[in-house]
Amino acid sequence: MNAFISLQNYIVKQEKDFGVGVPVTLDEEIAMYESTRKKNVVSFNNWMLINIPGKSFFLDVNKPVSEQSDDILNILMNKEFLMSLFIHEARKTLNEIGNNLEGKNVREETNRIYDEFVKEKYQLLLKIPSGQEFFNFVVSKCFGHDKAKSSALLYSHGIKGSLFNDNTGERYLLFNAKKDIVPVELRKASLSDSKLVM
């Protein structure tokens, strides 16, 4: 989908409460304003029309996990994602399987236990009351409680970034802008009557 970004913010990562990435806007006026040449002087410079992934691949920080898009929910219920997020518990479960399989069909029993593990963890995620709290949960599971690594983990499983609102309206934080921002057109404007903003 189309979005906009000031040239000075192009591929410049920012750390937010809900991830590390590049924020973009759907409102061209906002990108124009954010490209002002000098502090407090409205004199438009350069901004870009860009293409970014669809809204359904962004984690909505305000919605409960259970109300996220189908694309996000499909990622969250994916076995590989859940095993990555709950890696320490998954290893513990694997050790317990090894100790309890005497005389049983190993593959069948392993699959059954892992299916139960995945289902239980997915149900746990569905109870989280917001995308923001889900991101906090991911950070709590990440080594060093690192927001950048947590953003990279989510991105590696298909979550493109976070959807959030600030004082400019709806925004998208792209976890991997270098891969997910496709430049479409550089736009320029200069106001002949620049005005000082007090």
Side-chain angles (χ1 to χ4, degrees), residues 1-3 5 10-26 50-97 107 110-165 170-183:
M1 68 179 172
N2 286 342
I5 189 168
Y10 183 62
I11 314 295
V12 177
K13 286 189 174 182
Q14 296 179 23
E15 181 174 316
K16 305 278 189 186
D17 289 340
F18 35 80
V20 175
V22 175
V24 303
T25 178
L26 300 186
I50 57 176
N51 195 270
I52 64 172
K55 183 176 182 175
S56 66
F57 291 98
F58 288 83
L59 179 73
D60 189 321
V61 299
N62 295 312
K63 282 186 179 178
V65 169
S66 60
E67 294 177 21
Q68 298 290 328
S69 72
D70 288 344
D71 288 316
I72 295 293
L73 290 175
N74 285 335
I75 290 164
L76 299 188
M77 72 170 65
N78 181 277
K79 188 175 184 177
E80 284 72 31
F81 169 72
L82 290 165
M83 295 303 234
S84 297
L85 184 59
F86 295 97
I87 189 161
H88 299 298
E89 291 165 68
R91 284 180 181 158
K92 185 179 174 186
T93 300
L94 183 62
N95 290 336
E96 289 171 1
I97 290 172
R107 179 175 286 174
T110 301
N111 288 340
R112 184 190 68 76
I113 291 170
Y114 268 125
D115 287 346
E116 283 182 9
F117 179 86
V118 166
K119 186 177 178 182
E120 175 193 323
K121 297 309 179 190
Y122 179 62
Q123 292 302 319
L124 175 72
L125 296 183
L126 286 180
K127 293 175 183 171
I128 298 177
S130 71
Q132 174 65 69
E133 289 187 47
F134 167 72
F135 185 79
N136 294 345
F137 181 77
V138 173
V139 171
S140 76
K141 293 282 187 185
C142 187
F143 180 75
H145 306 303
D146 189 310
K147 287 182 183 175
K149 287 180 182 174
S150 299
S151 301
L153 172 69
L154 294 176
Y155 183 82
S156 71
H157 289 279
I159 295 177
K160 300 296 187 177
S162 297
L163 168 61
F164 66 102
N165 283 279
E170 189 173 88
R171 303 291 292 249
Y172 293 80
L173 182 75
L174 286 104
F175 292 154
N176 192 337
K178 286 184 179 177
K179 287 193 175 178
D180 285 339
I181 287 181
V182 178

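Quick caveat: nothing in here was measured; it's all calculated off a predicted structure. Residues take their numbers from the sequence shown, with the count starting at 1. The figures here come from the full heavy-atom set of this structure, side chains too, leaving out hydrogens, waters and symmetry mates.
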### Query
Which heavy-atom pair separates G54 from M1 by the least distance, and what is that distance?
C-CE, 4.3 Å
### Task
Output yes when a side-chain donor or acceptor of R171 lies under 3.5 Å from a complementary backbone atom of V24, and no otherwise.
yes
### Query
To the nearest 0.5 Å, what is the distance between CZ (F134) and OG (S150)?
9.5 Å
## Note on the structure
Output for pair (I72 CD1, K55 NZ), nearest 0.5 Å, gives 12.0 Å
### Task
Report yes if some heavy atom in the side chain of P53 is under 4.5 Å from a heavy atom in the side chain of Y172; otherwise report no.
no
### Query
Any side-chain heavy atom of F86 sitting closer than 4.5 Å to one from L125?
yes
Donor-acceptor pairs under 3.5 angstrom involving side-chain atoms of residues 56-66: please list them, not counting sequence neighbours.
| unit_1 | atom_1 | unit_2 | atom_2 | d |
| --- | --- | --- | --- | --- |
| S56 | OG | D71 | OD2 | 2.5 |
| D60 | OD1 | N62 | N | 2.9 |
| D60 | OD1 | K63 | N | 3.4 |

### Summary
d(L173 CG, E15 CD) to nearest 0.5 Å is 10.5 Å
### Contact summary for C142 and D146, nearest pair of heavy atoms
SG-O, 3.9 Å
Please list, one pair per line, the donor and acceptor atoms closer than 3.5 Å that link side chains of residues 115-124 to other protein atoms, with sequence neighbours excluded.
| unit_1 | atom_1 | unit_2 | atom_2 | d |
| --- | --- | --- | --- | --- |
| E116 | OE2 | R112 | NH1 | 2.6 |
| K121 | NZ | E89 | OE1 | 2.5 |

### Query
Between D17 and K147, is any pair of side-chain heavy atoms under 4.5 Å apart?
yes
### Query
Is there a side-chain contact between S151 and F18, using heavy atoms and a 4.5 Å cut-off?
no
### Task
Output, in order, the C-alpha distance, side-chain angles, deciding distance and verdict of side-chain contact (heavy atoms from CB on, under 4.5 Å) for N2 and N51.
CA-CA 5 Å; N2 286 342; N51 195 270; 3.5 Å; yes
### Y155 and K179: CA distance, side-chain angles, deciding distance, side-chain contact (heavy atoms from CB on, under 4.5 Å) verdict
CA-CA 11 Å; Y155 183 82; K179 287 193 175 178; 3.6 Å; yes
### Query
Has the side chain of E170 got a donor or acceptor atom that lies under 3.5 Å from a matching backbone atom of L26?
no
### Message
Testing the basics here: between I50 and P183, what is the closest heavy-atom pair and its distance to 0.1 Å?
### Response
CG2-CA, 4.2 Å
### Query
V22 and V12: which non-hydrogen atoms are nearest, and at how many Å?
CG2-O, 3.6 Å
### Task
Determine, stepwise, if the pair K160 / F175 fulfils side-chain contact (heavy atoms from CB on, under 4.5 Å).
CA-CA 6 Å; K160 300 296 187 177; F175 292 154; over 6 Å; no
### Task
Give, for atom CD1 of I181 and atom CD1 of I5, the distance between the pair rounded to the nearest 0.5 Å.
4.5 Å
Name every donor-acceptor pair, under 3.5 Å, that has one atom in a side chain of residues 75-85 and the other anywhere in the protein, sequence neighbours excluded.
| unit_1 | atom_1 | unit_2 | atom_2 | d |
| --- | --- | --- | --- | --- |
| N78 | OD1 | E80 | N | 2.9 |
| N78 | OD1 | F81 | N | 3.2 |
| S84 | OG | E80 | O | 2.9 |
| S84 | OG | H157 | NE2 | 3.4 |

